[in-house]
Structures are given as structure tokens and as C-alpha cells.
There are 2 protein chains.
Amino acid sequence: MTTAPRTEPLYAQVRTALIERMASGSLRPGQVLPSEFALAEELNVSQGTVRKALDTLVADNLVQRRQGRGTFVAEHTQERALFHFFRMEGIGGMPAIPQTLTEEITQRAAPARIATRLGIDKSADVVLIRRTRTLLGKPATFEDIYVPHALLPIRATDGPLPNALYTHYQSAHGLSVARAEDRLSAVQAPAKVVKALPQAEGQAMLLATRVAFDLTDRIIETRESYILTTDTAYAVTLR
Amino acid sequence: MTTAPRTEPLYAQVRTALIERMASGSLRPGQVLPSEFALAEELNVSQGTVRKALDTLVADNLVQRRQGRGTFVAEHTQERALFHFFRMEGIGGMPAIPQTLTEEITQRAAPARIATRLGIDKSADVVLIRRTRTLLGKPATFEDIYVPHALLPIRATDGPLPNALYTHYQSAHGLSVARAEDRLSAVQAPAKVVKALPQAEGQAMLLATRVAFDLTDRIIETRESYILTTDTAYAVTLR
DNA sequence: AAGTGGTCTAGACCACGGA
DNA sequence: CCGTGGTCTAGACCACTTA
């Protein structure tokens with residue numbers, strides 16, 4: 001009854017082929033792709049078709065083009081990880097760069113709600129990164145970051161982790177965050193947060209619950225970020 | 001010293017020409033555009049160039065293509081206004097449809113911070129729409145929506161306004177919201193909110209401060225939405 | 001059957017970056 | 001200078017909608 005599965009357009013096949021190379025590590029972040037003509041010849045399609053495939057990858061922030069130089073696999077540079085995936089802005093709209101204050105790395109069985117959110121077995125191990133950070137110089141965030149130990153076997157001795165965690169996932173474990181889904185709500189600062197961040201006592205906090213996906217749509221992280229928004233705000237543009 | 005202003009690519013000129021037609025009202029929401037070939041002939045470019053221009057308009061949600069039928073100026077359908085520009089989701093991720101409880105329309109001189117945000121003169125008149133709404137059946141939001149009276153001369157007798165305000169701007173005043181910028185923070189429910197929404201007393205609330213732009217990047221609205229996020233959350237996807 | 005957008009090709013020329 | 005991506009064209013054929 002369902003319509004027969006149409007053959008995918010060529011440009012979509014080219015896109016998939018390139019994503020597979022990135023996911024498998026044969027094309028690494030920062031590396032230059034073969035030229036459009038080279039890819040076209042190799043994959044037996046026209047240059048225009050390769051171009052269209054690359055257009056979709058550019059739109060998804062998976063590759064970057066540089067005229068005269070080539071097309072490069074997107075890197076989680078400090079800049080991108082901090083401003084693209086962490087959208088806190090000061091009053092004037094200028095980006096607020098976070099600075100880590102405390103960091104604690106532990107390994108444990110996944111709590112039920114975390115296992116569900118990560119889509120892993122309840123008894124599976126996760127690494128918990130608990131940290132506090134400043135925004136605009138003031139202590140302002142408390143984060144519980146959970147990653148499946150099977151995918152990202154981070155150890156306590158790996159710390160201190162870099163300011164932009166996603167660059168670490170990529171450089172140390174070959175996993176790129178391609179997409180993240182945030183759910184934002186407001187809560188009263190809970191006790192565990194106040195313990196680490198005394199200035200949050202009695203304050204309303206922004207709670208950002210995130211699930212992050214890699215190139216192949218595997219869930220590689222979930223985090224619960226509690227943010228004091230006295231001087232900053234989470235910025236979003238809708239089109 | 002600055003580099004000479006390059007001539008804009010043809011497809012960008014086509015894009016601009018089409019946006020102008022939409023902004024001037026010669027192409028109205030829901031209306032079908034001339035076919036790609038017709039536009040190509042009319043504007044003296046190739047069909048491929050028109051196509052590229054349309055691609056950018058599709059990417060910005062300004063037009064929609066329907067294979068076999070044509071390309072249409074995007075409408076603020078109920079669906080789009082409610083789910084695209086209002087991203088509250090229930091626990092399971094299902095969209096939460098708001099229902100208006102109370103609505104009050106007044107006209108006044110713009111408060112200083114509102115005038116600044118709207119980019120209008122301090123003595124200029126604004127229309128204030130103050131309303132409370134439910135989410136998932138429970139009273140949950142309080143909004144102060146300010147629009148410049150010069151652009152959107154809404155009167156108290158125009159009420160009750162439709163559930164999706166942006167459809168009203170479009171159908172009654174010919175203004176389309178093309179883009180909105182939200183800044184999210186957490187606050188304790190202020191007195192003015194509690195007065196209208198007693199269940200917010202003592203609660204942390206999500207405050208969404210929005211500035212909305214039309215096709216020509218004019219600011220046509222700013223709003224301050226206070227949202228109780230006990231059952232819902234503001235959802236965002238980052239790429 | 002006619003008309004629309006969707007895909008794909010082949011080839012031209014331009015603009016930029018690096019050797 | 002050469003190779004890269006960026007723009008633009010002309011034309012073919014496919015897929016979908018409507019009449």
C-alpha cells in the first residue's frame with residue numbers, strides 16, 4: 001500500500017557518502033575535501049550535482065567552503081563551540097564567554113531518566129561531568145553533563161577539560177556534535193546547585209536540558225545546565 | 001580604502017526584486033508566483049538563476065514550493081504562527097497550543113525601554129496588547145506585546161484578536177513577520193503577572209523578550225512573555 | 001495533455017588564494 | 001600562473017498536479 005521507496009536523488013547519495021566518510025574518520029575535521037571536479041569524477045556525477053550536495057552540507061554546518069582554497073570538514077573551533085552551541089549573550093547582545101570554575105568527573109551507572117534520554121541501557125555506565133562556570137566574570141552556571149561511557153570514555157584524570165567541551169569530544173574521541181536540541185524552562189535554584197553556586201540561593205534559574213547528536217544522529221551527550229540570568233540571556237533567532 | 005562595492009550576483013538581485021514585491025503587496029501571502037520560466041524571461045536571467053534565488057527564499061521561509069502547482073508566498077497560517085514562532089512543547093515533545101484567556105488592548109506613549117527596542121521616538125504611540133493564555137489547558141503565560149501605532153494601528157474594538165497574532169498583522173495590516181529574535185531568561189513572577197495569573201505567585205518564570213522583524217527588516221513588534229514552565233518547555237534546535 | 005517544480009548535465013567565465 | 005570555489009547559462013528529462 002505504501003508508495004514504493006523512490007530512489008534517492010543523486011545529490012542526496014553524494015551527501016550521504018560524504019557524511020559516511022566524515023563519520024568513519026576517513027575525512028577528519030579541518031581536512032580539505034577533494035575538489036568538486038575530483039568528487040564528480042570519482043562518484044560519476046556532474047560537478048553541479050556535487051555542488052548541490054555540498055550546498056546541503058554547508059547549510060547544516062558540516063563543511064565550510066573557502067573560495068580559492070577548497071572545501072573543509074567543519075571543525076569545532078573554540079569560536080564555534082562557544083558561540084554557536086552556547087548562546088548566552090550579555091545585555092547589549094555581545095556573546096558571554098564562560099570560564100570554568102570547578103569541574104568534577106565521575107563514572108557511574110546511568111540514572112533512569114538519563115538512560116532514557118541517552119537511549120542506552122539503564123545499567124550502562126555514563127561519565128558525569130559536573131562543573132560551575134562564570135559568565136561575564138561572575139559565577140553563573142551549574143552543569144551536569146552526561147555522556148555514555150561506551151562512546152566517550154572520559155576519565156577523571158583527563159581533566160581539566162577545555163573550555164569548549166565539544167572540541168574535546170572531537171579531538172580526543174573523534175565524535176563531532178552535529179546538532180543539539182535544547183528545552184528551556186525556569187526553576188527555583190535547587191539545593192544541589194546552591195551548594196556549588198551559593199549566589200543562586202533563592203534565585204530563579206534558566207534550566208537548559210540538552211540532547212546532542214553526532215553526524216550519524218547518535219545521541220552522544222545530555223546535559224542539564226542551570227543558568228543565572230541576571231546579566232545574560234539565552235539568544236535565539238526564529239525565521 | 002574599502003574594497004569597491006561588488007555588483008551583487010544576479011540571483012541576489014532576483015531575490016531582492018521578489019522581496020520588494022512581497023513587501024509592497026504586489027505579491028500577497030498565499031498568492032502564487034509566476035513560474036520559474038516566466039520570471040526568468042521577465043527578469044532577463046536564466047531559469048537556473050531564478051531557481052537559485054527561490055532556493056534562498058525557501059530557506060528563509062518566505063516562499064513555499066509545491067511540485068506540480070507552483071511557488072507560493074508564505075502565509076502565516078495558524079500552524080506556522082503557532083508552532084514555528086511559538087515553540088512551547090509538552091513533556092513528550094508535542095507542541096502546546098495556547099488558548100487566550102484575557103486580552104486588553106490599549107494605546108499609549110511608548111515607555112522608554114520599549115521605544116528603544118522598537119527603534120521609534122520616545123513620544124511615539126504604541127499599542128499594548130496584554131493577554132494571558134493557557135498551555136495544555138492550564139493558565140500559563142502573561143504577555144505584554146507592543147507594536148508601533150504608526151505601523152499597526154490596532155484598536156481596542158478590533159478584539160478579540162485571533163489566537164495567532166501574526167496572522168492578524170498579515171491579513172489586517174499587510175505586515176509579515178519574517179524573523180524574530182528571542183532572549184530568554186528566568187525571573188521570579190513579578191507582581192503585575194501575579195495579579196493576572198495568580199497561580200504564578202512565588203514561581204520561577206521563563207521570560208522571553210522578543211523583537212520581531214518584517215520582510216524589509218523593520219521592527220514591527222516587541223513582546224515580553226512570562227511563561228510558567230511546569231508542564232512545558234521552550235524548544236530550540238541548534239545546528 | 002499541459003504546466004509546474006525537481007533533478008541532472010555540460011560547459012562557460014569570474015574571483016580568490018597560494019605557489 | 002594554476003586550481004579552487006562562485007556565478008550563470010541552456011537544455012534535457014522526471015515527477016507531480018490539475019484539468
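A note on names: the letters A, B, ... follow the listed sequences, proteins ahead of strands, and every chain is numbered from 1. Because the structure is a prediction, the values reported are computed rather than measured.
One interatomic measurement links the two molecules: CD of A:E41 to P of C:dT9, which rounds to 14 Å at whole-angstrom precision.
At most 12 non-hydrogen atoms from other residues, nucleotides or ligands lie less than 6.0 angstrom from CZ of B:R28. No more than 12 heavy atoms of other residues, nucleotides or ligands sit less than 6.0 Å from atom CD of A:E41.
Contacts of B:F213 classified as ring pair (Phe, Tyr, Trp, His ring centres under 6.0 Å), with partners at least two apart in sequence or in another chain: none. Every ring pair (Phe, Tyr, Trp, His ring centres under 6.0 Å) that B:H173 has, sequence neighbours left out, goes to B:H168.
Phosphate contact (OP1/OP2 of D:dC8, side-chain N/O of B:Y11, threshold under 4.0 Å): absent.
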Legend entry - Test log, rule ring-ring contact (aromatic ring centres under 6.0 Å, His included), inputs B:Y169 and B:H76: CA-CA 9 Å; B:Y169 295 169; B:H76 281 303; 8.9 Å; no
Inset, instruction - Give the intermediate values and the outcome of side chain to side chain contact (heavy atoms under 4.5 Å, CB included) for residues B:I227 and B:M88. - result: CA-CA 10 Å; B:I227 309 166; B:M88 298 304 296; 3.7 Å; yes
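Residues A:D144 and A:L128 form a side-chain contact, since some pair of their non-hydrogen atoms from C-beta on lies under 4.5 Å apart. A heavy-atom distance below 4.5 Å is found between the side chains of B:I114 and B:E224.
Residue B:L161 holds its CG atom at 8.5 Å from OG1 of B:T100, rounded to the nearest 0.5 Å.
Between the side chains of B:E221 and B:Y166, a donor-acceptor pair is found at a separation under 3.5 Å.
When atom types are taken as modelled, the side chain of B:N61 and the backbone of A:R239 share a donor-acceptor pair closer than 3.5 angstrom.
Looking at residues 44-61 of chain A, you'll see A:R51 sit with a heavy atom under 4.0 Å from some atom of DNA chain D. Contacts between residues 62-78 of chain A and DNA chain C, counted as heavy-atom distances below 4.0 Å, involve A:Q67, A:G68, A:R69. For the segment residues 27-39 of chain B, residues with any heavy atom less than 4.0 angstrom from an atom of DNA chain C are, sorted by number, B:S35, B:E36.
Each end of the helix from C:dA1-D:dT18 to C:dG18-D:dC1 gets its own axis from five base pairs, and the two axes differ in direction by 10°, given to 10 degrees.
In this structure, B:R66 is positioned above the aromatic face of B:F72, its NZ or CZ under 6.0 Å from the six-membered ring centre and within 45° of the axis.
Taking a cutoff of 4.0 Å between a charged side-chain nitrogen and a carboxylate oxygen, B:R21 and B:E42 qualify as a salt bridge.
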